[in-house]
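On a predicted model such as this, the values are computed, not experimentally measured, just so you know. Chain letters run A, B, ... following the sequence lines, proteins first and then strands; every chain starts at 1.
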Amino acid sequence: GEDVEQSLFLSVREGDSSVINCTYTDSSSTYLYWYKQEPGAGLQLLTYIFSNMDMKQDQRLTVLLNKKDKHLSLRIADTQTGDSAIYFCAEGVAYSGAGSYQLTFGKGTKLSVIP
Amino acid sequence: DTAVSQTPKYLVTQMGNDKSIKCEQNLGHDTMYWYKQDSKKFLKIMFSYNNKELIINETVPNRFSPKSPDKAHLNLHINSLELGDSAVYFCASSQEENEQFFGPGTRLTVL
């Protein structure tokens with residue numbers, strides 16, 4: 001079945017770049033997403049990439065997609081303490097053409113930023 | 001204004017009780033979802049509703065029943081609560097394409 005894998009922990013120093021990696025298995029994924037969850041809070045969509053794109057940049061965030069290897073990464077430049085959170089990778093597959101997208105989430109990567 | 005809201009934020013209840021969690025979205029989206037996040041932070045989709053039609057049901061026990069009185073609301077009703085139902089439940093909504101917007105979550109604790 002479909003599976004999304006990511007490492008569980010990442011620790012970086014403030015000001016450095018963070019790279020969070022993710023692999024997925026469903027080749028029919030239409031969109032791939034990165035969500036951020038701060039402690040005690042809900043999920044916040046950070047960015048997403050359409051499956052026919054290789055890269056997307058949005059301010060400090062860069063998403064790279066290697067569709068052949070089914071590998072997705074999120075790079076956060078100049079990481080700040082406020083970036084400390086859990087980051088979820090998710091793949092989205094359209095369901096029966098009904099306008100619904102089923103998201104399958106990875107287990108989340110806890111990013112800790114050391115001042 | 002909150003796009004996707006859920007009530008209550010916290011719910012503590014005894015085993016065997018019946019409870020409901022409410023979700024409302026003011027985005028005009030056609031599809032709404034319920035997700036369960038367990039204590040290890042694993043997220044799994046439970047249901048989605050599109051134009052009042054159940055689209056996805058991921059082998060969720062029939063003690064869980066989504067109820068959609070209108071397009072802007074998708075409530076989650078749970079009968080005969082069990083200890084294993086303790087989790088954070090997230091509501092989300094989307095319009096056709098890609099982005100799903102999530103509510104703040106409801107932390108359910110079953111004693």
Side-chain angles (χ1 to χ4, degrees), chain A residues 1-10 20 22 24 26 29-53 56 58 63 65 85-111, chain B residues 2-7 9-10 21 23 25 27-60 66 68 71 74 87-107:
Chain A
E2 297 82 15
D3 205 6
V4 178
E5 299 282 344
Q6 31 181 151
S7 53
L8 295 182
F9 301 99
L10 177 65
I20 304 172
C22 168
Y24 61 98
D26 193 335
S29 297
T30 309
Y31 293 94
L32 295 129
Y33 308 81
W34 285 103
Y35 282 86
K36 178 182 180 183
Q37 186 180 29
E38 295 182 12
L43 287 156
Q44 172 196 355
L45 177 67
L46 275 182
T47 187
Y48 63 91
I49 188 168
F50 190 47
S51 58
N52 68 355
M53 295 170 64
K56 181 177 179 180
D58 184 3
V63 178
L65 174 61
I86 300 177
Y87 290 81
F88 290 91
C89 169
E91 58 176 348
V93 179
Y95 186 85
S96 299
S100 291
Y101 274 76
Q102 179 176 353
L103 295 190
T104 303
F105 287 83
K107 294 173 183 174
T109 299
K110 185 172 183 178
L111 175 64
Chain B
T2 305
V4 183
S5 59
Q6 299 177 224
T7 53
K9 187 167 180 171
Y10 300 97
I21 306 171
C23 178
Q25 54 96 3
L27 298 166
H29 287 169
D30 285 329
T31 307
M32 295 181 71
Y33 310 79
W34 276 105
Y35 289 83
K36 179 181 180 182
Q37 185 181 39
D38 64 22
S39 57
K40 294 181 182 174
K41 303 292 187 184
F42 301 161
L43 268 164
K44 293 267 187 182
I45 189 165
M46 299 175 73
F47 303 105
S48 77
Y49 253 81
N50 180 285
N51 292 323
K52 294 196 174 184
E53 182 184 356
L54 180 65
I55 301 297
I56 303 170
N57 183 336
E58 291 289 314
T59 64
V60 173
S68 181
K71 201 173 91 164
L74 183 66
V88 180
Y89 292 83
F90 286 98
C91 176
S93 73
S94 72
Q95 179 66 17
E96 298 232 351
E97 304 200 354
N98 44 20
E99 298 183 44
Q100 288 192 17
F101 291 85
F102 283 77
T106 296
R107 182 175 294 277

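A:Phe88 touches chain B through its side chain: at least one heavy atom from C-beta onward sits under 4.5 Å away, while N, CA, C and O do not. Heavy atoms of A:Leu8 lying under 4.5 Å from chain B are absent altogether. Both the backbone and the side chain of A:Leu43 have a heavy atom closer than 4.5 Å to some heavy atom of chain B.
Distance CG/A:Leu103 to OG/B:Ser94: 8.0 Å, rounded to 0.5 Å. How far CD of A:Gln37 is from CZ of B:Phe90: 4.5 Å, rounded to the nearest 0.5 Å.
Counting non-hydrogen atoms of neighbouring residues, nucleotides and ligands closer than 6.0 angstrom, the NZ atom of A:Lys56 exceeds 12 such neighbours.
Between chain A and the residues B:Gln37, B:Gln6, B:Lys9, the largest count of heavy-atom pairs under 4.5 Å involves B:Gln37.
Side-chain contact between B:Leu43 and A:Tyr35 is absent, with no heavy-atom pair separated by less than 4.5 Å.
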